[in-house]
Each structure stands twice: as structure tokens, then as C-alpha cells.
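Only one structure is covered here, and it is reproduced in the block below.
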Amino acid sequence: MKNFLSQAELKTFLDEKVAQYNHLDFIQTDPIQIPKQFTRKEDIEISAFLISTLAWGNRTAIIKSGQRLLEIMNFKPYEYVSNYEEQKHHFVHRTFNSDDLNAFFVSLQRIYQQGGLEAAFKPHLEISGAQGRIVSFRDTFTQEPFPDRTQKHIANPLKGSSAKRINMFLRWMVRKDEFGVDFGIWNSIPMSELHLPLDVHTGNVARKLGILTRTQNDWKSVAEIQEQLVQFDPNDPCKYDFALFGLGAFEGFK
């Protein structure tokens, strides 16, 4: 397809796929259904951040682990984090274990004492855009005594990570449209800064369509795709996540 579609035709094709997948039915199979159970800003943020951290592998297993997290937090994430005392939890999701969860709760408690999750994604003094915000957040979240083994669960784009899960979390928090899939409860970050949550599906589809030439799914690939997507929609480039993911995950487009 990449050999035959003009830029205008490619944009039209992707816009049609965004319309197809950017609706509430999408939530039925997506981890975003975990934070969708809440209405309070802080409850949404905390549950969304935790489930996005676990979002790799089988989606059914991810959602099951998300429900287990809500049970641990008594379905009151902000209250639980605010009153948290270090303890051992019975929790494992792939390589994320009870020690990691304890460290996350400790850091979340500190972050909310210092102004909250949204404030933690502040602009970086030297690195622009989403990459800088992620680096700022990582620096804040992993302050000592954050354990070394748990740092792997917080992406570092400066070391090449595509930061797929954090970019997905940011899409959930920042992106606003009339269809209501994403929350759009953060106003301090413009939608134009949002980057694609690059994974196997979106990467393979992007290569097939000719909007990604790199073979690795790393931050350089995220930046390459961003250059193309902002040409299609400079105000809301991340909406094309629905198109690329839908094409790969649901239509087997390769």
C-alpha cells in the first residue's frame, strides 16, 4: 500500500480508521477500562498510571492484574496512596512484583504530597516536548530510596526506550475529543505534544504504510513517526494511535 498511496490518500485512509476505532466500544478490550471505573481526577490518574505500567503482554491478563490492583487499593486509589504504609503485597504481573508495587506506592505518595502526577510531568529545562516531560517525571519518580530493580519499569527515552506505556498514559490523560475514549483531564500538556505509544502492532503497520523506516521500536522511531503524524494533524497527532493499533491488532494488517 505504501507504494501507491499519496500523502493525501494516506491521511484519508488513516482518518477513516481513526473514526472506526476511536469510540467507546474500544474500551471493552482495552486496559483503559480500569481507570474508567472512576470519576475523581486523582483516582483516575493513579489507576491509569498503574495499569499502563503493566500494559505489556496479553490484554486479558493485563486487565485481570488491573482489577487485582484495585482490590489491593480497596477501589479507592487516591485514599490508599495518601495513607500508604510500606508493606508486602501478594501481587505479580510478569516481571512486576510485590517489591515493585511497594516502591510505586511510596513514590506516588511522595508525588502527591509534592503536587500530583500532572505536575510531575513538567517541562524539562534542556529537553523539549514529550521526551523532556517523561525524563522530568522519571527523575522525580525514581528519587532515592527507589530500588534499582524497579527502575526498569519506568521508561527512559534517553536510553532509547520508546516509552510506549508512558506515552499511552499521557494520551489517556491529555487527549480530548467528543468520543470520550481518552479522559482529557490534564490541561497543562498540549495534545500536539503527545507521541504515539509505539508497539509491535503500530510499528509494523507504520512500516507497511511507509511512515516508519527504522526497524527498531525505539525513541528514534517514535520521533520519526511523529514527524509524519503532525503533518496529518498538528493539533492531535496521537489520534492515529487508534488507526495504527486497530489495523494491526484487529485487522492483521502487516
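Quick note: numbers below take in every heavy atom, side chains included, and nothing from hydrogens, waters or symmetry partners. FYI, the numbering just counts along the sequence from 1.
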Margin query: If hydrophobic residues (ILVMFWY) are linked whenever their side-chain heavy atoms come closer than 4.5 Å, directly or via other members, who joins Phe179 in its cluster?
Written below: none
Check: Side chain of His195, backbone of Glu193: donor and acceptor closer than 3.5 Å?
Finding: yes
Item checked: Hphob cluster co-occupancy, Val81 + Phe146, side-chain heavy atoms under 4.5 angstrom -> yes
Notebook entry, point to check: What's the spacing between Arg133 CZ and Lys122 NZ if we round to 0.5 Å?
Noted result: 10.5 Å
Notebook entry, point to check: Taking the inter-plane angle between the rings of Phe121 and Trp186 on a 0 to 90° scale, is it parallel (under 30°), tilted (30 to 60°) or perpendicular (over 60°)?
Noted result: tilted
Notebook entry, point to check: For the hydrophobic clusters of this structure (ILVMFWY residues joined by side-chain heavy atoms under 4.5 Å, transitively), does one cluster hold both Phe13 and Ile211?
Noted result: yes
Check: Taking all non-hydrogen atoms of both residues, which atom of Lys41 and which atom of Ile185 are closest, and how far apart?
Finding: CE-O, 3.8 Å
Next item on the list: Supply the atom-to-atom distance Asn217 CG to Leu212 CG, rounded to the nearest 0.5 angstrom.
Entry: 7.0 Å
Next item on the list: Test Phe49 against every option in Trp172, Phe105, Tyr112, Phe137 by the ring pair (Phe, Tyr, Trp, His ring centres under 6.0 Å) rule and name the one that passes.
Entry: Phe137
Check: Checking Arg68 side chain against Phe91 main chain: does a donor-acceptor pair fall under 3.5 Å?
Finding: no
Next item on the list: Indicate whether any N or O donor in one side chain lies under 3.5 Å from an N or O acceptor in the other, for Lys64 and Gln67.
Entry: no
Checklist line | Any Phe242 side-chain heavy atom under 4.5 Å of Arg171 side chain | finding: yes
Next item on the list: Return yes if some donor-acceptor pair links the side-chain N/O of Arg214 with the main-chain N/O of Arg207 below 3.5 Å, else return no.
Entry: no
Next item on the list: With rounding to the nearest 0.5 Å, note down the distance linking CG in Leu209 to CG in Asn204.
Entry: 11.0 Å
Next item on the list: Calculate, to the nearest 0.5 Å, the distance between atoms CZ and CD belonging to Phe26 and Gln33 respectively.
Entry: 11.0 Å
Checklist line | Path from Val222 to Leu158 over hydrophobic side-chain contacts below 4.5 Å | finding: no
Margin query: Quick one: does any side-chain atom of Asn167 pair with a main-chain N or O of Ala163 as donor and acceptor, under 3.5 Å?
Written below: yes
Notebook entry, point to check: How about Leu50 and Phe96: do any of their side-chain heavy atoms sit closer than 4.5 Å?
Noted result: no
Note to self: Under the criterion salt bridge (charged side-chain N to carboxylate O under 4.0 Å, His left out), I'd like the reasoning laid out for Asp182 against Lys176: C-alpha separation, chi angles, the key distance, then a yes or no.
What the structure shows: CA-CA 6 Å; Asp182 297 314; Lys176 302 174 177 68; over 6 Å; no
Note to self: Tell me if the NZ atom of Lys220 is crowded by more than 12 foreign heavy atoms within 6.0 Å.
What the structure shows: no
Next item on the list: Measure the shortest side-chain to side-chain distance between Ile51 and Leu69 over non-hydrogen atoms and say whether it is less than 4.5 angstrom.
Entry: no
Next item on the list: Establish whether Val181 and Phe169 are linked, either directly or via other cluster members, by ILVMFWY side-chain heavy-atom contacts under 4.5 Å.
Entry: yes
Item checked: Stepwise side chain to side chain contact (heavy atoms under 4.5 Å, CB included) check, Tyr240 with Gln228 -> CA-CA 11 Å; Tyr240 294 106; Gln228 180 69 67; over 6 Å; no
Next item on the list: Go through the side-chain N and O atoms of Asn83 and Lys76 and say whether any donor and acceptor fall under 3.5 Å apart.
Entry: no
Next item on the list: Answer yes or no: is there a side-chain heavy-atom contact under 4.5 Å between Gln20 and Glu251?
Entry: yes
Notebook entry, point to check: After noting the C-alpha distance and the side-chain angles of Phe38 and Phe75, does the key distance pass the ring pair (Phe, Tyr, Trp, His ring centres under 6.0 Å) rule?
Noted result: CA-CA 9 Å; Phe38 301 99; Phe75 295 91; 7.5 Å; no
Item checked: Closest non-hydrogen atom pair between Lys36 and Ile27, with its separation -> CE-CD1, 3.6 Å
Checklist line | Heavy-atom donor-acceptor pair, Glu118 side chain to Asn187 backbone, under 3.5 Å | finding: yes
Notebook entry, point to check: Hey, does Met173 have a side-chain heavy atom less than 4.5 Å from the side chain of Leu117?
Noted result: no
Note to self: Is it the case that the side chain of Gln226 and the backbone of Leu194 share a donor-acceptor pair, with hydrogens and angles ignored and the cut-off at 3.5 Å?
What the structure shows: yes
Notebook entry, point to check: How far does CG of Leu229 sit from CG of Asp241, to the nearest 0.5 angstrom?
Noted result: 9.5 Å
Item checked: Closest contact, heavy atoms only, Val174 versus Met191 -> O-CG, 3.9 Å
Notebook entry, point to check: Between Lys11 (side chain) and Gln231 (backbone), is there a donor-acceptor pair under 3.5 Å?
Noted result: no
Check: Can you name the nearest heavy-atom pair linking His93 to Leu54, along with the distance?
Finding: NE2-O, 3.0 Å
Check: Within 45 degrees of the axis of the six-membered ring of Tyr21 and under 6.0 Å from its centre: does Lys239 put its NZ or CZ there?
Finding: no
Check: Tell me, do Trp219 and Ile134 make a side-chain contact under 4.5 Å, heavy atoms counted?
Finding: yes
Checklist line | CD (Glu144) with more than 12 external heavy atoms under 6.0 Å | finding: no
Checklist line | Flag side-chain contact, heavy atom, 4.5 Å: Gln28 against Asp25 | finding: yes
Next item on the list: Consider only side-chain N and O atoms of Asp139 and Ser136, and report whether a donor and an acceptor are under 3.5 Å apart.
Entry: no
Item checked: Cluster check Ile225, Val230: I/L/V/M/F/W/Y, side chain < 4.5 angstrom -> no
Notebook entry, point to check: Going by atom types alone, do Ser221 and Asp218 pair a side-chain donor with an acceptor below 3.5 Å?
Noted result: yes
Check: Minimum heavy-atom separation for Phe232 to Gln7, with atom names?
Finding: CE2-O, 3.8 Å
Next item on the list: Mark yes when over 12 heavy atoms from residues, nucleotides or ligands other than Gln113 sit less than 6.0 Å from its CD; otherwise mark no.
Entry: yes
Note to self: Using side chain to side chain contact (heavy atoms under 4.5 Å, CB included), reason through Arg149 and Asp100 one step at a time and then give a plain yes or no.
What the structure shows: CA-CA 8 Å; Arg149 68 144 278 130; Asp100 301 320; 2.7 Å; yes
Item checked: Residue pair Leu198 / Leu244, side-chain heavy-atom distance below 4.5 Å -> no
Item checked: Distance in Å, Met73 CE paired with His89 NE2, rounded so as to fall on 0.5 Å steps -> 9.5 Å
Check: Minimum heavy-atom separation for Pro31 to Ile63, with atom names?
Finding: CA-CG1, 4.0 Å
Next item on the list: For Tyr78, check side-chain hydrogen bond (donor to acceptor under 3.5 Å, both in side chains) against everything at least two apart and list the hits.
Entry: none
Next item on the list: Assess whether side chain to side chain contact (heavy atoms under 4.5 Å, CB included) is satisfied between Ile34 and Ile62, documenting all intermediate values.
Entry: CA-CA 10 Å; Ile34 297 298; Ile62 294 167; over 6 Å; no
Margin query: Just by distance, no angles: are the side chains of Ser161 and Asn156 close enough, under 3.5 Å, to form a donor-acceptor pair?
Written below: no
Next item on the list: Using a cut-off of 6.0 Å, state whether more than 12 heavy atoms not belonging to Gln143 lie near its atom CD.
Entry: yes
Item checked: Test log, rule side chain to side chain contact (heavy atoms under 4.5 Å, CB included), inputs Arg175 and Asp236 -> CA-CA 8 Å; Arg175 188 172 174 272; Asp236 187 15; 3.0 Å; yes
Notebook entry, point to check: Side chain of Ser52, backbone of Met168: donor and acceptor closer than 3.5 Å?
Noted result: no
